[in-house]
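To keep things clear, I will list the structure first and then write my remarks on it.
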Amino acid sequence: MTALLCALILSVTFALPGYAQSDPPPATSSQPGVTREQIGPRPAGTNDCQAQTVPMVNQAFEDQVVALVNATRAENGLPPLKRVAALDRSARYHAADLGTDDYFSHDSYDRVNGQLTQSCGWSDRINAYYPDWRRLAENIAAGYSTPEAVVQGWLDSPGHRANILSPDTWEIGVGYYFVSGSTYGHYWVQDFGRREGVYPIIINGEAPQTDNGELNLYIYGSWENVRLQLDGGDWSEWQPFQNSLTWQISAPAGEHAVTVEMQSGTETATASDTIVLTQDTAPDLSHLPQSISFVYNVPDDLTTPDRYELTPLTSDSGFTWQVEAQGGWFTVSPSQGGGGQSFQILPADFNAANATPQSGSVQVQVTNGQGDVVTSWTIDMTLDVNNTVLRRLYIPIVIGGGS
């Protein structure tokens, strides 16, 4: 049964003329390259070539297929594929159609009175969900009961492996469906694509979540410069473009959006992706000083420095800060703020009569969106008093001495 099922895995790949394409890989079934103009009109009397939504039946299975594909690509020195909803919907529809009408083909069929009639070519089907493509490919399989088994089956077939490891497609969608009583029970579809003018960003190899806020980003394309943004906040500084970047974010638990803007000359493009932080990632406050000193010079009636200005959160990451002063000889203003905002510590007005050495502290607390304190920092405060005056040296003079 396993050998039979492996033989039923099919592979198709094609591209628009005018773009570089290697020879089609060997596969159990293939279609010649076609353009959108050659697809022709949709068959009459069927809606199979219209985009339709099929409920997802097993998210974990579909997620695992994507993870296994991207892990395999990484092992072979290739970038991850970006999972997109349009290709998910196309693949999910076809997997359900295979199981419901009990057939196995890349093209779509309707079963009427027990007979199968082709209703839609495979490229027409994907085009209904995923227009403006430059490149498409598809793997299908039936009978495999786990993601690990089906991905291994595809990898064991040269044609399907070539689709998984192709550098020419940038995006992926996966569909899984189970129909009890059908010929094979389990049905799987992978759709691959690349769109005109779309440069995907992938976070952590398309992992759905992270625990620590460490992000490994892959950005498709070739550009001169790039900058990053978290949740619509302030942009980072422009930096030389690299396809692979690392970024440590500090943000509350929940879903967060990372946006990148790429630039070459006058041409720009943007891309975004989301990831879920499973727990708050506390901002790092170690850039704040551990202690601060003021000095009041009595003869000059002057306090130096006249103030300190500190910025607890250097970027807008969804956290806020509050400061509390312990000591009546200085003030802190403002007492709260957000990313990129600063507070000042100002000493009181001293004079020779009231200036005495003082101590105290400033506590900085950072809270998340729910008002919970996630990290804090304490700054020790001191006031030194300098009473230095000019000292004179007296040398006794002896007049008229002698033996």
Side-chain angles (χ1 to χ4, degrees), residues 1-13 24-31 48 52-73 75 81 83 87-112 114-123 125-126 129 136-166 169 172-193:
M1 178 62 75
T2 301
L4 175 61
L5 294 177
C6 288
L8 288 174
I9 305 174
L10 307 181
S11 172
V12 184
T13 182
T28 54
S29 176
S30 63
Q31 294 273 1
D48 281 359
Q52 301 178 60
T53 299
V54 173
M56 177 170 50
V57 300
N58 194 321
Q59 179 176 345
F61 271 20
E62 294 181 359
D63 291 348
Q64 186 66 7
V65 168
V66 175
L68 291 168
V69 164
N70 279 337
T72 302
R73 288 175 65 89
E75 292 169 0
L81 297 173
R83 188 175 183 181
L87 289 176
D88 273 347
R89 293 176 62 210
S90 170
R92 202 170 287 146
Y93 169 79
H94 193 51
D97 200 47
L98 293 176
T100 301
D101 283 337
D102 200 13
Y103 69 97
F104 193 77
S105 170
H106 287 282
D107 294 329
S108 296
Y109 286 80
D110 290 332
R111 187 174 291 277
V112 181
Q115 300 297 315
L116 285 174
T117 302
Q118 183 174 335
S119 59
C120 182
W122 73 278
S123 56
R125 164 180 47 85
I126 300 177
Y129 298 87
L136 295 178
E138 182 172 86
N139 288 342
I140 64 175
Y144 294 91
S145 60
T146 67
E148 293 81 3
V150 71
V151 171
Q152 190 59 54
W154 281 323
L155 291 174
D156 289 340
S157 167
H160 306 88
R161 182 183 181 88
N163 277 347
I164 290 174
L165 297 181
S166 172
T169 51
I172 187 174
V174 175
Y176 166 78
Y177 205 76
F178 176 78
V179 181
S180 178
S182 61
T183 302
Y184 299 108
H186 305 269
Y187 296 86
W188 307 81
V189 178
Q190 286 180 320
D191 283 338
F192 306 90

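What you are looking at is a predicted structure, and each value in this text was computed from that prediction instead of being measured. One is the number of the first residue; the rest follow in order along the sequence.
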Arg111/Asp97 ion pair, N-O < 4.0 Å: no
Decide yes or no for Trp154 and Ile164: does some side-chain heavy atom of the first lie under 4.5 Å from some side-chain heavy atom of the second? yes
OH on Tyr177 to CH2 on Trp188, rounded to 0.5 Å: 14.5 Å
Can you sort out the partners of Arg73 under side-chain contact (heavy atoms from CB on, under 4.5 Å), two or more places apart, ordered by chain and number? Val69, Asn70, Leu78, Pro79, Leu81, Leu165, Tyr220
I'd like to check Glu138 versus Val189 (side-chain heavy atoms, cut-off strictly below 4.5 Å). Are they in contact? yes
Residues forming a side-chain hydrogen bond (donor to acceptor under 3.5 Å, both in side chains) with Ser180, sequence neighbours excluded: none
So which heavy atom on Val150 is nearest to which on Ala141, and how close? CG2-CB, 3.5 Å
Taking side chain as C-beta onward, heavy atoms only, is His106 less than 4.5 Å from Ile140? yes
Who are the side-chain contact (heavy atoms from CB on, under 4.5 Å) partners of Gln115, not counting sequence neighbours? none
Run the ring-ring contact (aromatic ring centres under 6.0 Å, His included) test against Tyr103 and tell me which residues pass, sequence neighbours left out. Tyr109
Please name all residues satisfying side-chain hydrogen bond (donor to acceptor under 3.5 Å, both in side chains) with Thr169, sequence neighbours left out, ordered by chain then number. none
Which residues pass the side-chain hydrogen bond (donor to acceptor under 3.5 Å, both in side chains) test with Arg83, not counting sequence neighbours? Glu62, Asp63, Asp88
Should Ser108 and Gln118 count as side-chain neighbours, where that means a heavy-atom distance under 4.5 Å? no
Under the rule for side-chain contact (heavy atoms from CB on, under 4.5 Å), what residues qualify as partners of Ser145, not counting sequence neighbours? His186
Would you compute the distance between atom OG of Ser157 and atom CG of Asn139 and round it to the nearest 0.5 angstrom? 8.0 Å
Quick one, Tyr129 and Leu87 - any side-chain contact, counting heavy atoms below 4.5 Å? no
Got a sec, which residues hit side-chain contact (heavy atoms from CB on, under 4.5 Å) with Ala67, two or more places apart in sequence or on another chain? Gln64
Asp102: partners by salt bridge (Lys or Arg N to Asp or Glu O under 4.0 Å), with sequence neighbours left out: none
Quick one: does Ser182's side chain get under 4.5 Å of Tyr187's, heavy atoms only? yes
